[in-house]
Amino acid sequence: VGGNWRHGTYPTAHIISSKLTTEFKDFPMPKDYPDFPSAAQMLAYLESYAAHWGITDHVTLGVTVTSVLPAARAPDADDEDG
């Protein structure tokens, strides 16, 4: 969770759009964040969002996804272990 905000930015990077236009409407960014949060703040926000909504309970990191089917045909995706 966090994608490029975890591994693809330089230490002084920050978003180029306002936090008000970037945040999820159902999960505002912290009030103490600046108008243009840093990469570390964006990562923390995305991790917090995922934890709040229970997304991290349904994500397995560090595996290669080999196929994904619509939920109507298969409720899960397969990874390299099957």
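All of these numbers come straight from a predicted model, not from anything done at the bench.
Environment of CG in Leu20: crowded, with over 12 heavy atoms of neighbouring residues, nucleotides or ligands closer than 6.0 Å.
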Show the atom names and distances, to 0.1 Å, of all donor-acceptor pairs under 3.5 Å that link a side chain in residues 27-38 to residues at least two apart or in another chain.
unit_1	atom_1	unit_2	atom_2	d
Tyr33	OH	Gln41	O	3.2
Ser38	OG	Ala40	N	3.4
Ser38	OG	Gln41	N	3.1
Ser38	OG	Gln41	OE1	3.3

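Counting only residues at least two apart or on different chains, the salt bridge (Lys or Arg N to Asp or Glu O under 4.0 Å) pairs with a member in residues 3-15 are Arg6-Glu47. Counting only residues at least two apart or on different chains, no salt bridge (Lys or Arg N to Asp or Glu O under 4.0 Å) pair has a member in residues 48-58. Within the structure, side-chain hydrogen bond (donor to acceptor under 3.5 Å, both in side chains) pairs that include any residue of residues 10-20 comprise Ser17-Thr22 (at least two apart or interchain).
Listed here is the closest heavy atom pair of Val63 and Thr60: CG2-O, 3.8 Å. In terms of heavy-atom proximity, Ala51 sits nearest to Thr56 at CA-OG1, 4.1 Å.
Here Ile55 contributes atom CD1 and Trp53 contributes atom CH2; the two are 9.0 Å apart, rounded to the nearest 0.5 Å.
Linking Ile, Leu, Val, Met, Phe, Trp and Tyr whenever their side-chain heavy atoms come within less than 4.5 Å leaves Leu46 and Ile16 in two separate clusters.
Taking 4.5 Å as the limit, every side-chain heavy atom of Tyr45 sits out of range of all side-chain heavy atoms of Ile15.
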